[in-house]
Amino acid sequence: MAAPKRIKLNVDGKPYSVTADPEMPLLYALRNDIGLDNPHFGCGLAQCGACTVHVDGAATRSCSFTVGQAEGKKVVTLAGLGTPEKPHPLQKAYVDEQVPQCGYCVNGWIMTAAELLKKNPKADDKQIREGLAGLKCRCGTHMSIIRAVKRAAKEMAS
Amino acid sequence: MTKMISIEDFAFSRRKLLQGAGALVVSAAAPAVAAKKARAATAAFGSAVKPALKPDQLDSFIAITADGKVTAFFGKMDMGQGVDVAISQIVAEELDVKYERVTSILGDTQTSVNQGGASGSTAVQNGGKAMRAIAAEARRVLVEEAAKRLGASVGDLVVDDGVVSVKGNAAKKISYADILQGRYFNHKLKWNKRYGNGLYSEGKAKPKKPSEYKVVGQSFPRTDIPGKVYGTSPMITDVRVPGMVHGRVIHPEKAGGMPKAFDASSIKHIKGARVVHEKGFIGVVANTEWDAVRASQELKVTWSDGGNPFGDQKNLYDHIRKAKVIAKKHDTKEGDVAAALKGAAKVIEAEYEWPFQSHASMGPACAIVDANPKNAVVWTGSQKPHYTAEGVAAILKIKADDVRGIWVPGPGSYGRNDAGDAAAQAALLSKAVGKPVRVQGMRHEGTAWDPKSPASIHRCRGGLDANGNVVAFEFMSKGFDRQDVRSNESKPQDNLAGQQIGAKLRPAKTFRSPEDMYNVGARLIGWEVIPPFIPRYSPLRTSHLRDPLGPQIQFASEQFHDEMAEVAGMDPAAYRLKYLKDPRDRDLVKAAVEKSGWKERVGPRKDQGGKTTVSGRGISYAYRNGTRVVVIAEVEVDKTTGRVWPRKFTVAHDCGLIINPEALKLCLEGNIVMAASRSLYEEVMFDADRVTSVDWATYPILETPDAPEVIDCVLLNRPDKPATGAGEAATRPVSGAIANAVYDATGRRLRRGPVTAERVKALVS
Ligand code: FES
Ligand code: FES
């Protein structure tokens with residue numbers, strides 16, 4: 001472990017400064033130092049996506065990305081993506097399609113799908129399924145997830 | 001509660017809990033207001049003081065506040081399938097108030113009685129039934145009181161959205177809120193003296209006839225979804241209380257080991273980190289989560305050698321076959337199977353095998369416990385917080401009434417996952433350090449160390465007469481205990497920490513049989529249970545996983561019925577129509593067949609020679625505690641890779657009266673996908689001395705590229721039949737449907753689950 005140091009972060013458009021071991025996963029800084037709880041700990045191994053945030057626009061698994069690496073970059077969490085007042089189309093579609101069961105996976109899917117649709121707004125069924133591979137949902141809500149992503153894509157196109 | 005621990009003492013406040021507390025606070029604050037009004041209206045109804053939280057009191061289940069809002073307090077949990085919505089619908093229906101007026105508060109031992117938590121898909125079946133009777137009773141006493149106030153007879157009154165008025169004279173009216181004036185009913189119910197799933201309380205009122213329903217049967221949206229989608233509702237993992245520190249526990253690399261010694265200096269460099277060691281339990285506590293994680297990884301522990309308790313996984317089924325039997329039972333004994341088999345023109349036999357499977361919840365379990373010498377609070381994601389609180393009390397050796405359990409939604413649990421273990425671990429750690437401790441497991445604790453669904457074998461024998469009629473059916477399961485640890489976490493021996501510190505064990509020694517509705521001649525159906533590999537502190541201890549034992553049993557029984565159908569020269573759907581006698585079952589088969597466009601055929605498809613990708617269809621039927629399901633799976637099999645894609649499912653489902661059709665459909669989809677995942681990919685792997693399925697790479701589950709294209713649901717509503725469970729039943733027939741479809745596609749039968757690409761490839765080459 002490295003000695004703790006002050007690290008400046010920009011999260012959801014706001015500046016933060018945390019004192020932490022630079023080797024600590026960004027996830028813990030977001031959750032425990034900044035109090036942004038939407039990225040979840042699912043595996044700590046970059047295998048499930050529950051901890052996903054955007055780092056300079058790229059969907060990044062914050063359990064396997066250190067707080068030191070995040071310094072000087074723009075981090076966006078689910079709360080920064082959209083709010084009940086100004087929802088991201090994916091969030092709206094998720095509510096319309098009544099997607100989540102337990103909801104522990106939701107963060108990972110929405111953050112990853114947001115990047116997918118940004119890169120490929122016209123993603124078809126196959127591209128959506130492949131683009132979201134690697135994400136886990138133990139409750140098995142995959143059918144409604146796929147419906148919601150398609151619904152959001154449609155809305156974003158119109 | 002002898003010791004009240006106020007939620008206001010804690011910085012953490014859950015929105016829903018606050019609403020709940022709000023209802024209580026309003027009620028608790030009500031006496032002063034109510035007292036004034038009582039002087040004005042001498043006939044004030046109810047009581048200013050809340051009666052004790054017991055199942056024989058109406059106030060334990062329903063509150064109506066002065067603003068006319070209705071709160072239902074429910075002792076079962078929602079695992080993201082809309083249980084609270086269904087309960088609010090039922091309560092609104094019986095009370096004759098708008099659905100929007102009702103909020104259901106779930107899972108705080110201080111606001112609800114123990115109705116069993118999430119258990120066996122009984123939220124609506126049992127819990128809903130009780131709430132229906134109780135809400136009807138609430139309406140009855142309110143209307144009776146209204147009659148007195150209005151000087152009318154009960155028969156002349158009507159209720160519209162909580163306002164009681166005289167028929168034909170709408171001006172003569174009084175609302176529930178005005179009757180109660182923020183007071184409590186103080187009305188006794190007839191309680192059956194049971195806690196848990198069996199709890200039932202009722203009054204004199206008769207609930208409505210289903211033909212009168214206006215709210216039940218409608219698809220109201222879930223209340224929890226926006227909070228989950230915008231990330232505005234805290235989950236169990238987000239609970240923080242003042243003074244809280246972080247704990248992690250340490251398990252041996254090799255199963256069966258116990259901590260012999262540890263080197264505290266190995267974590268000296270982590271400021272504030274300390275070791276908690278009690279008999280076989282060892283954990284660390286640190287000021288920050290990351291420090292706790294590091295301390296748990298860096299602490300040097302010497303473990304005793306557990307030997308090679310599991311043996312070679314290749315021998316698992318042989319082990320089961322040869323293992324001594326510690327309990328056995330015949331659940332069905334009809335006619336003389338031995339004689340029927342002897343006299344049969346044809347006898348067929350088959351044996352099926354199913355591995356250990358893991359709950360592998362999306363997040364490893366989390367709990368926060370604030371243990372004081374005489375009382376404690378536990379925040380838990382467990383689906384049975386009342387039992388969890390009892391378990392925490394037992395491990396802390398304090399009275400159950402002195403522990404408050406607060407359920408906060410977390411990763412789905414699907415039965416007895418690792419949630420109860422986390423609570424007991426946090427309790428031991430909190431007691432040791434005298435501070436509230438938050439424990440969240442690491443991935444291996446959710447996959448390698450959760451209680452497993454038991455591995456088993458299933459032996460089938462069937463006899464057919466000269467005309468191809470089935471005259472005998474024998475089905476014997478042999479496997480690990482259905483509940484080596486009980487799914488209720490109310491005793492220390494039922495969780496890991498309790499086992500580590502030496503609690504006396506109490507395995508249930510049970511299994512399950514197919515709840516068979518097939519009318520297939522003489523029948524002998526039963527099971528045998530074998531001892532666990534390690535009796536205590538085992539990563540292969542067994543307990544409930546969604547639809548306990550359903551997938552393994554139906555993998556065997558539904559394939560075997562297909563095997564018999566083929567020998568009898570029958571189409572599998574026609575076979576089911578012939579041997580299922582209950583019209584509800586037959587209607588389901590017909591509905592699924594029609595919806596999927598099933599074509600009659602005997603034996604597997606024979607028209608796909610030479611193709612690399614072949615397709616097939618398979619049907620499967622299941623009965624589960626009143627609910628019936630028929631699933632038709634259509635699969636594509638790539639013969640070069642062995643990949644099976646479950647392209648389409650048609651699900652015909654009958655759970656009696658449907659409360660909320662849209663929520664039911666989504667619930668069924670989740671069941672089908674999770675069951676498909678278990679049928680195709682999931683197998684807990686182990687070496688002789690350890691479980692090697694430790695994460696998502698070593699315990700893969702279904703992902704989007706393999707998700708079905710379509711799941712078609714046909715919901716057969718039976719308003720005249722009691723509402724039965726829907727949370728698990730559709731899980732049951734999926735393994736059999738997929739295996740039958742793979743047979744149809746390839747002409748080869750796979751009798752060992754799951755139906756992995758590797759096995760299918762070996763099967764077809
Ligand atoms: S927690 Fe980061 S990918 Fe699973
Ligand atoms: S909704 Fe529970 S894990 Fe996806």
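In what follows, chains carry the letters A, B, and so on, assigned in the order in which the sequence lines appear, proteins first and then strands, with residues in each chain numbered from 1. Just so it is clear, the model here is predicted, and its values are computed rather than measured.
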- Exercise: identify the closest heavy-atom pair between A:Pro100 and B:Lys228: CG-CB, 4.3 Å

- Provide the closest heavy-atom pair for B:Val673 versus A:Gly140 in the form atom of the first, atom of the second, distance.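 That closest heavy-atom pairing would be CB-O, 3.5 Å.
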
For chain A, which of [options] has the most heavy-atom pairs under 4.5 Å?
| options | value |
| --- | --- |
| B:Gly441, B:Pro700, B:Ala707, B:Gly381 | B:Ala707 |
| B:Arg546, B:Glu709, B:Glu662 | B:Glu709 |
| B:Ala360, B:Gly412, B:Gly82 | B:Ala360 |

Nearest 0.5 Å, please: how far is [atom2] in [Y] from [atom1] in [X]?
| X | Y | atom1 | atom2 | result |
| --- | --- | --- | --- | --- |
| A:His142 | B:Ile711 | NE2 | CD1 | 10.5 Å |
| B:Tyr230 | A:His88 | OH | NE2 | 11.0 Å |
| A:Gln91 | B:Ile225 | CD | CD1 | 13.5 Å |
| B:Met674 | A:Cys139 | CE | SG | 7.5 Å |

Would you say [X]'s side chain and [Y]'s backbone share a donor-acceptor pair under 3.5 angstrom?
| X | Y | result |
| --- | --- | --- |
| A:Lys136 | B:Met362 | no |
| A:Tyr94 | B:Pro226 | no |
| A:Gln98 | B:Arg222 | yes |
| B:Glu703 | A:Ala133 | no |

[X] versus chain A, heavy atoms under 4.5 Å apart: side chain, backbone, both or neither?
| X | value |
| --- | --- |
| B:Glu445 | neither |
| B:Met442 | both |
| B:Val293 | side chain |
| B:His444 | neither |
| B:Cys366 | neither |
| B:Gln81 | side chain |

- Query: Just wondering, more than 12 heavy atoms not from A:Lys150 lying within 6.0 Å of its NZ?
  - Reply: yes

Picking from [options], which has the most non-hydrogen pairs under 4.5 angstrom with chain B?
| options | answer |
| --- | --- |
| A:Ala79, A:Gly103, A:Pro84 | A:Pro84 |
| A:Glu97, A:Arg147, A:Lys92, A:Lys126 | A:Arg147 |
| A:Gly134, A:Pro87, A:Cys137 | A:Gly134 |
| A:Val106, A:Thr83, A:Thr77, A:Ile110 | A:Thr83 |

- Task: Report, by ascending residue number, the residues of residues 24-49 of chain A in heavy-atom contact with chain B at a distance under 4.5 Å; give 'none' if the set is empty.
- Result: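 Expected list: A:Met24, A:Pro25, A:Tyr28, A:Arg31, A:Asn32, A:Asp37, A:Asn38, A:His40, A:Phe41, A:Gly42, A:Cys43, A:Leu45, A:Gln47, A:Cys48.
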
- Query: Taking C-beta and beyond as the side chain, do A:Ile128 and B:Thr704 meet within less than 4.5 Å on heavy atoms?
  - Reply: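 Side chain of A:Ile128 against side chain of B:Thr704, heavy atoms only: no contact under 4.5 Å found.
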
- Task: Report yes if the side chains of B:Ser677 and A:Arg138 come closer than 4.5 Å at any heavy-atom pair, otherwise no.
- Result: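 They are in contact (side-chain heavy atoms under 4.5 Å apart), so the answer is yes.
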
